[in-house]
Novice: 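Attaching a single structure in structure tokens format; questions to follow.
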There are 2 protein chains.
Amino acid sequence: MTKMARVKLQDVAKLAGVSVTTVSRVLNNRGYLSKQTINKVHQAMEELNYRPNAVARQLYKQRTDLVGLVFPTVNNPFFGQLEAELETRLYELGYRVVMGNSQNNPGKEEQYLQLLFNGQIDGLIVGAHNEGIEAYHNTNLPIVSIERIVSKQIPVVAADNYQGGCLATQRLLDAGCQHIIHTNYPATLATPNQERRRGYEELMTKYGREKLTYEISFDLPDDQKAAVFDRLFAEHPECDGIFADNDTNARLAINAAQKAGKRVPEDVKVIGYDGASSTRLLFPDLTTIQQPIPEMAQAAVDLLQKRLAGQAVESVTLPVKLIPGLTG
Amino acid sequence: MTKMARVKLQDVAKLAGVSVTTVSRVLNNRGYLSKQTINKVHQAMEELNYRPNAVARQLYKQRTDLVGLVFPTVNNPFFGQLEAELETRLYELGYRVVMGNSQNNPGKEEQYLQLLFNGQIDGLIVGAHNEGIEAYHNTNLPIVSIERIVSKQIPVVAADNYQGGCLATQRLLDAGCQHIIHTNYPATLATPNQERRRGYEELMTKYGREKLTYEISFDLPDDQKAAVFDRLFAEHPECDGIFADNDTNARLAINAAQKAGKRVPEDVKVIGYDGASSTRLLFPDLTTIQQPIPEMAQAAVDLLQKRLAGQAVESVTLPVKLIPGLTG
DNA sequence: GTGAAAGCGCTAACAC
DNA sequence: GTGTTAGCGCTTTCAC
């Protein structure tokens, strides 16, 4: 608000000829009040265009009804949809959402954690990709993570990554691919994502195939990611199947394959991961493993609510689904 | 935070054997303090693991360093990129961002405006698509809008929509299209978007062509939008050019065209709008008019800062760019 | 150099 | 039914 002296409870009380308590009661609909008083107060509030100060309330109540959302970047089909779903659900529960994009700024994740310790937010949902922060190791914090292993005490909502890895690899194997390459985050990152790799590797071993994973950091700029795929096809011209760890990487793989003179899916089959709504819309032909984003959001919100209520909670794993397309 | 009695200034003061004033001074690095006192206090803070309560501070300072972002939905390539860019810039200025997705919930936009009046946020950047809200008509509010006309007193950051409309239409005309159809929001919506239509209509008139705009509400579910394009090609089989008002509609137009047995671009040329980064990545072949999203975010943040400082500001218009692709 | 006390705007005991 | 008052945790004027 601009600087004009804000109207406060006291001003309303004075105008209505009652005490601040009474005004507060009217405001919160609490305790016994005569019809007449209520009217007087309402009238005074109207006349002064009174707005209760939320911060003063927060100070007294020791809660802000704000929840932090910390993910790498909202400029991404998966995280964009996920954060939209989270916001919608939290809003209905009376929470507003503070959005933090931690990509390319390692300190940011910790800053948002500080908001929690500072009492500026009541809870936190994290899916950032940075490394272990000491402060997480504090039991009973109102924090939930999505697709990321933060610490022992913080529950994780994840899609069934192992299942996803198996579904994708099996499909490529069934289609006759001999040389399937997988892409994933660096193995050092503590994310359930690595389970996709496990599924891929187990199946490859079972079928007696060579397994190979290219590690691609999520934070890399797009052109550098594209360069990795160029390198991949240069180093492995025999590659006839790609199981990418997300849909945009799948697109980059297809671009690189075509650049290398290969046809998709005739020469190389490509399967992506995520199946976010805007990806499906823009690139409907992509074969992909779809994560249940709305359900993941709902599960995270449910867990957070319980956490906020001081209840113990368990991690949640949800099933994924293969969406057949024309690329693999 | 969980319920364990929070450590406060007083506790630190007691342990350090000084007054709360002194602790506050150490905390804020203000006034004269002996080296020794500073050390004592720091030690006490450490020992108690003290975290200053942000809300108490906010109450005194009468500012929260929170800025609201209200757009239809962050689950969209354009708004996703825009909000990510806004968050990055605002973060660097010391602001945190409260995200509101107003799509399919008309009351929400007003709720976020209330956060401003309640003192829960310091400023607001809006690009929602709902109808006139009375409370906006209050001069000098710290609000900036993006691509939306909110009220006379609120500055607008927009890309040059008229230019965009001309660029797209001209390209289709130059390519020999005879029957170009445009899609846009319903004309009742007060958005600079309508300038695209003006550009389109002026050129069509100049070239003596029939002009026709299909109005597609942004809030429609995707399948209903798709149905509009099916109808379009059924009603106008002669259509050989589409100037869509955004890239996802361009994609839907292409789908519908192909469903109707037309080849793109041989039979129908399609030009989209927005050119957001994730769209470019997933659908690089799309010919589109690209909005300068990073610059728009920067301009909005600049305007908001001035607004917060009580300065008068002017609306800003930025140039767009045609990105040639294979669809039109 | 440091401390006492008022006050930011609101809520809720407790009293009447 | 309604009012008085303490207090949420912090900052800052003013005094010493």
Side-chain angles (χ1 to χ4, degrees), chain A residues 1 3-42 44-45 48-65 114-122, chain B residues 1 3-42 44-45 48-65 114-122:
Chain A
M1 282 297 313
K3 286 284 108 50
M4 47 185 183
R6 276 178 90 344
V7 178
K8 49 184 173 175
L9 218 54
Q10 224 176 62
D11 303 320
V12 177
K14 195 173 296 172
L15 181 62
V18 297
S19 75
V20 291
T21 315
T22 303
V23 179
S24 174
R25 282 200 184 104
V26 173
L27 213 51
N28 298 290
N29 238 328
R30 215 188 302 291
Y32 300 98
L33 296 160
S34 76
K35 195 94 191 142
Q36 196 194 353
T37 311
I38 294 178
N39 284 338
K40 263 194 311 189
V41 172
H42 273 141
M45 294 202 294
L48 296 173
N49 191 24
Y50 170 72
R51 305 285 156 197
N53 180 308
V55 174
R57 247 179 205 173
Q58 289 172 7
L59 179 59
Y60 184 88
K61 299 236 167 157
Q62 301 283 75
R63 53 178 291 176
T64 58
D65 295 327
Q114 289 303 329
L115 292 191
L116 189 60
F117 297 135
N118 285 341
Q120 211 165 159
I121 57 179
D122 295 345
Chain B
M1 283 300 311
K3 285 285 108 50
M4 46 183 183
R6 273 178 90 347
V7 178
K8 47 186 174 174
L9 220 50
Q10 226 176 61
D11 304 319
V12 177
K14 196 173 296 170
L15 182 61
V18 296
S19 76
V20 291
T21 316
T22 302
V23 179
S24 174
R25 282 199 185 106
V26 173
L27 213 49
N28 298 290
N29 237 329
R30 217 188 299 291
Y32 300 97
L33 295 160
S34 75
K35 196 91 192 145
Q36 195 195 354
T37 310
I38 294 178
N39 285 337
K40 263 195 313 191
V41 171
H42 273 140
M45 294 202 294
L48 296 172
N49 192 25
Y50 171 71
R51 304 285 156 197
N53 180 309
V55 174
R57 243 177 207 175
Q58 289 171 8
L59 179 58
Y60 184 87
K61 299 235 166 158
Q62 300 283 76
R63 52 178 290 176
T64 58
D65 296 326
Q114 289 303 328
L115 292 191
L116 190 60
F117 297 135
N118 285 341
Q120 212 167 157
I121 58 179
D122 296 343

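Numbers restart at 1 for each chain; the letters A, B, ... are given by sequence-line order, proteins then strands.
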Novice: Applying a 4.0 Å non-hydrogen cut-off, can you work out what B:V55 is touching in the nucleic acid: base, sugar-phosphate, or nothing?
Specialist: nothing
Novice: Examine D:dG1: is either OP1 or OP2 under 4.0 Å from a nitrogen or oxygen in the side chain of A:Q36? Give yes or no.
Specialist: no
Novice: Does B:L33 or B:L59 map to a spot on DNA chain C nearer the 5' end, using the closest nucleotide for each?
Specialist: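 Taking each residue's closest nucleotide, the earlier one in sequence belongs to B:L33.
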Novice: Considering the terminal five base pairs at each end of the helix from C:dG1-D:dC16 to C:dC16-D:dG1, what angle separates the two local helix axes, rounded to 10°?
Specialist: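 The angle, to the nearest 10 degrees, is 40°.
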Novice: Is the shortest side-chain heavy-atom distance between B:N49 and B:V7 below 4.5 Å?
Specialist: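 With C-beta onward as the side chain, the pair stays apart.
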Novice: Mind calculating the distance between OH (A:Y32) and C1' (D:dG3) to the nearest angstrom?
Specialist: 18 Å
Novice: List the residues meeting side-chain contact (heavy atoms from CB on, under 4.5 Å) with A:K8, not counting sequence neighbours, and say none if there are none.
Specialist: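 By the side-chain contact (heavy atoms from CB on, under 4.5 Å) rule, A:K8 matches A:Q10, A:D11.
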Novice: Using salt bridge (Lys or Arg N to Asp or Glu O under 4.0 Å) as the criterion, list what pairs up with B:R51, not counting sequence neighbours.
Specialist: none
Novice: State, without any angle test, whether A:Q120 and A:Q114 hold a side-chain donor-acceptor pair at a distance under 3.5 Å.
Specialist: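 Side chains of A:Q120 and A:Q114: no pair found under 3.5 Å.
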Novice: Please name all residues satisfying side-chain contact (heavy atoms from CB on, under 4.5 Å) with B:T21, sequence neighbours left out, ordered by chain then number.
Specialist: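 Partners of B:T21 by the side-chain contact (heavy atoms from CB on, under 4.5 Å) criterion, ordered by chain and then number, come out as B:S19, B:R25.
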Novice: From the options B:D65, B:T64, B:L27, select the one residue that forms a side chain to side chain contact (heavy atoms under 4.5 Å, CB included) with B:R57.
Specialist: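 Output: one option passes, namely B:L27.
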Novice: I want to check something: taking the side chain as every heavy atom from C-beta on, are A:V12 and A:V26 in contact at a cut-off of under 4.5 Å?
Specialist: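 No, their side chains stay 4.5 Å or more apart.
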Novice: Residues two or more places apart in sequence or in another chain: which of them pass side-chain contact (heavy atoms from CB on, under 4.5 Å) with A:L15?
Specialist: A:A44, A:E47, A:L48
Novice: State which residues pass side-chain contact (heavy atoms from CB on, under 4.5 Å) with A:R30; sequence neighbours excluded, sorted by chain then number.
Specialist: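 By the side-chain contact (heavy atoms from CB on, under 4.5 Å) rule, A:R30 matches A:N28.
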Novice: Walk along nucleotides 10-16 of chain D from 5' to 3' and tag each nucleotide B, S or - by protein heavy-atom contact under 4.0 Å, base first, then sugar-phosphate.
Specialist: SBB-B--
Novice: As an exercise, state the distance from CG of B:N53 to CG of A:L59, rounded to the nearest 0.5 Å.
Specialist: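 Atom-to-atom, B:N53:CG and A:L59:CG are 6.5 Å apart.
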Novice: So where does chain B start and stop touching DNA chain C, 5' to 3', when the test is distance under 4.0 Å to a non-hydrogen atom?
Specialist: C:dG1 to C:dG9
